[in-house]
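Heads up: the structure comes next, in C-alpha cells.
Remember, predicted model here, so these are calculated numbers, not experimental data. Just so we're on the same page: letters track the sequence lines, and every chain starts at 1.
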Amino acid sequence: MTTRLRIAPSPTGAMHVGTGRTALFNWLYARHSGGTFIVRIDDTDDERNSAEFEADILAGLRWLGLDWDEGVGVGGPHGTYRQSDRYERYRQVALELVEREAAYFCFCTPAELARRRDEAAAAGKPPGYDGRCRTIPISEAIARRGAGEAAAVRFKMPRPGVTEFDDLVKGKIRVDHEHVDDFVLLRSDGRPTYHLASTTDDVDYEISHVARGEDLLPSTPRHIQLTLALGAKEATYAHLPLILGTDGKRLSKRHGATGVTEYIEAGYLPQAMVNYLSLLGWSPAGDVTIVSLADSIRLFDLASVSTNPAVFDQSKLDWMNGEYIRSLSVVEFLEAARPFVIASMGRELSPEEWERLARIAPLVQERTKFLTEVGPQVRFLFTDELEIDPIAWEKVMGDDAEELLGAAIAELELVAIWEHDEIERSLRSMLERLGLNARKGLQPLRVAVTGSTVSPPLFESMAILGRDSVLARLADARKRVANMAQDDHR
RNA sequence: GGCCCCGUCGUCCAGUGGCCUAGGACGCCGGCCUUUCAAGCCGGAAACGCGGGUUCGAAUCCCGUCGGGGCUGCCA
C-alpha cells in the first residue's frame with residue numbers, strides 16, 4: 001500500500017515556520033516512502049481566510065522546495081483540493097450521519113451555548129457541550145428544521161466509549177469519550193467545521209498518514225470516531241511536537257520573524273531553512289548537523305521524531321545560513337545574491353559591473369551570512385559618490401592621516417600593473433618606510449577607498465575598483481583631512 | 001478546574017540498563033591565524049528537574065512529585 005500524506009494549511013495567516021516544519025516532515029516521509037505528497041487548502045473559516053495568505057503559503061512551500069504531487073495548483077483526481085469548493089460534499093456527509101443517527105441536529109444558539117459554558121465554568125463543572133439536543137427524536141428535529149428553525153449538526157460521540165490509537169511519535173494514546181463532547185460538524189449556516197471537512201477529505205483522498213502539530217492531539221479521538229462512522233479505516237497519526245519561542249511559549253510574532261516569507265526577504269537560503277527545520281524534532285543518525293536533502297529523505301522516519309517541543313533558535317539558523325552560503329559555487333552565489341544587490345543599489349547593474357561583482361564575489365561570499373549583506377559590502381564598487389561612515393572616519397583618520405594618504409598616493413602612482421600583488425608590494429614598502437604596522441597604516445586607506453572599516457580585503461578591493469577611482473578617493477580623503485586640520489587651527 | 005502531552009548543557013539533538021568520569025552542533029568565553037571583518041584552527045565553562053522504588057548496575061524501567069506546554073469555540 002502506498003503512502004499518501006498531506007499538508008493542509010488554513011489561509012488565515014502568512015506561512016508560519018511551524019507550518020513549514022510540518023510540511024517538511026510530511027514531504028520527507030512521502031519522499032522517503034515513495035508515496036504521494038498532497039497540498040490541500042483548509043479554508044473553512046470564511047471570516048479569516050484570504051487569497052493573499054493562500055498565495056503566501058504556496059509561495060513558501062515552493063521556496064522551501066517542497067513540491068507536491070497532487071493538490072492546489074497542480075490538480076489530481078480530487079478536484080481543486082480547496083475545501084471551499086466541497087461544501088456540498090460535507091453537507092451531504094453530515095446529513096447522512098444524521099440519517100444514520102451518528103449525528104444529530106442541535107438547536108442551541110451560540111449565545112445560549114456561551115451562557116451555559118459560563119455557568120458551567122462558574123460552577124466548576126467541565127465545559128463542553130452538555131448534549132441537550134442529543135435526545136431530541138429525529139422526527140421532531142426534522143419537523144423543527146422544516147419550520148425554519150436554524151440547527152447545527154453535532155457528532156454523536158459514542159458513549160460510553162474509548163478511543164485508543166498508536167501515535168507514531170507519541171506512542172499509545174487512550175482517551176475516554178467521557179472527556180470528548182459532541183462537537184459541531186456542520187454550522188447552522190450549512191458550512192462545515194474543520195473537523196468535518198478535514199476528516200472527510202482525509203477519508204476521500206485516502207490519506208494514509210496524518211502528521212500534524214501536537215495541538216491537534218486532543219482532537220484526534222473525534223477524527224477517529226468520525227472516520228469510523230464514515231465507514232473508513234483510520235489513518236496512522238503522528239503528532240509533531242510544537243515549536244516554541246525562546247520563552248518556552250508557542251512561537252508567535254513577538255518572538256521575531258515567524259513567517260517563512262520574512263526569511264526569504266531577510267536573505268536566507270531555502271536549503272538552510274530546510275536543514276534547520278528538519279532538525280527541530282528529528283535528527284539523522286550520528287553527530288551530523290549539516291545534512292543533505294538526499295540524506296534527510298533517505299534517513300527520515302516519522303517514528304523517530306522526538307516527543308518533546310523544540311525552541312526555535314534563530315542564531316543556529318543564522319550560522320547554518322552562513323554555512324550554506326559558503327558552500328555555494330560562485331555562480332550560484334551570484335545568482336542568489338543578484339536580487340538583493342539590485343534592491344540594495346536601487347538599480348540594475350551594468351554588465352561591466354556584474355563582471356566586477358563576479359571578481360570580488362569569492363571574497364564577499366565567505367563574509368556573508370545573509371544575502372542582504374552582499375549589497376552593502378560591494379556598494380563601494382558601484383558608486384561615484386562614496387558615502388564614508390563618519391564613525392569609521394573619526395576612528396582611523398589621526399594626525400598622521402594626511403601624510404599617510406599622501407604617501408599611499410605617491411606609492412600607488414608608481415604601480416606599473418594594477419593588480420593585487422603589485423598593489424600589495426607597493427603598499428607594504430610604504431608601510432615599511434613609514435614605520436607603520438599593517439593595522440595602523442591600512443585602515444585609513446580602507447576607509448578612504450571603501451567608506452568603512454569593514455570591507456573585503458583591501459588589495460583586492462583596490463585592484464577591482466581600478467586605479468583611477470582608488471587614486472581619486474585617496475586624494476579626496478587627503479583633501480578632507482587637510483581641511484579638517486585647518487579648521488582645527490582656527 | 002478537567003483532559004491530554006512533555007521534562008538530558010542557555011538552545012537543538014545523541015543516548016532505548018553496563019561502552020556515560022553523558023557525546024555532537026549553535027551560542028558564550030579564551031587563544032591562534034590575520035590588512036579590517038568574516039572564515040578557519042585550538043581550548044574552556046555548561047545538562048540527565050526532584051523524591052522514592054526495580055536491579056549487581058539507571059539518563060535509560062516503574063511510581064509519585066514538581067515544572068512546562070496543548071486542548072477545553074457553530075477557530076483551525
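Across all strands shown, G2(B) is found opposite C71(B) as a Watson-Crick or G-U wobble partner, with both distances under 3.5 Å. A 3.5 Å limit on both hydrogen-bonding distances identifies C50(B) as the Watson-Crick or G-U partner of G64(B). Nucleotide C26(B) has G10(B) as its partner under the Watson-Crick or G-U criteria, with both atom distances under 3.5 Å.
Listed candidates were C6(B), U35(B), G10(B). Nearest to the side chain of Leu442(A) is U35(B).
The distance from atom CZ of Phe312(A) to atom C1' of G27(B) is 15 Å, rounded to the nearest whole Å. Put simply, CD1 on Ile173(A) is 13 Å from C1' on C71(B), counting in whole angstrom units. The separation between His239(A) atom NE2 and C5(B) atom P is 12 Å, rounded to whole Å.
By the 6.0 Å and 45° rule, Arg154(A) stacks over the aromatic ring of Tyr129(A).
For Thr450(A) and Arg379(A), the side-chain atoms include no donor-acceptor pair closer than 3.5 Å. Side-chain contact annotation: Ser84(A) with Asp43(A), donor-acceptor N/O pair under 3.5 Å present. For the 3.5 Å distance criterion, the side chains of Arg212(A) and Thr220(A) qualify, holding a donor opposite an acceptor. For the 3.5 Å distance criterion, the side chains of Thr453(A) and Gln443(A) fail to qualify, holding no donor opposite an acceptor. Under the 3.5 Å distance criterion, with hydrogens and angles disregarded, a donor-acceptor pair is assigned to the side chains of Tyr104(A) and Asp182(A).
Within 4.0 Å of Pro9(A), counting heavy atoms only, lies no atom of the nucleic acid at all. At a threshold of 4.0 angstrom between heavy atoms, the contacts of Lys125(A) with the nucleic acid are absent. As judged by a 4.0 angstrom heavy-atom cut-off over every strand, Thr109(A) is placed among the base-contacting residues. Within 4.0 Å (heavy atoms only), Gly322(A) reaches no atom of the nucleic acid at all. At the heavy-atom level, Pro309(A) lies under 4.0 Å from the strands shown only through sugar-phosphate atoms. Using a 4.0 Å heavy-atom cutoff across all strands shown, Leu244(A) reaches no nucleic acid atom at all. Contact annotation for His195(A): base contact, defined as any heavy-atom pair under 4.0 Å involving a base atom. Within the nucleic acid shown, Cys108(A) comes within 4.0 Å of at least one base atom, counting heavy atoms only.
Look at Arg154(A) and you'll find a side-chain N or O under 4.0 angstrom from OP1 or OP2 of C74(B).
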Exercise. What is the per-nucleotide protein-contact pattern of nucleotides 38-44 of chain B, from the 5' end, where B denotes a base atom under 4.0 Å from a protein heavy atom, S denotes such proximity for sugar-phosphate atoms only, and - denotes neither?
Worked result: BSS----

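How far OH of Tyr87(A) is from OG1 of Thr44(A): 5.5 Å, rounded to the nearest 0.5 Å.
Using atom C1' as the reference point in both G7(B) and G43(B), the two lie 32 Å apart (nearest Å). Nucleotides G27(B) and C42(B) have their P atoms positioned 15 Å apart, rounded to a whole Å.
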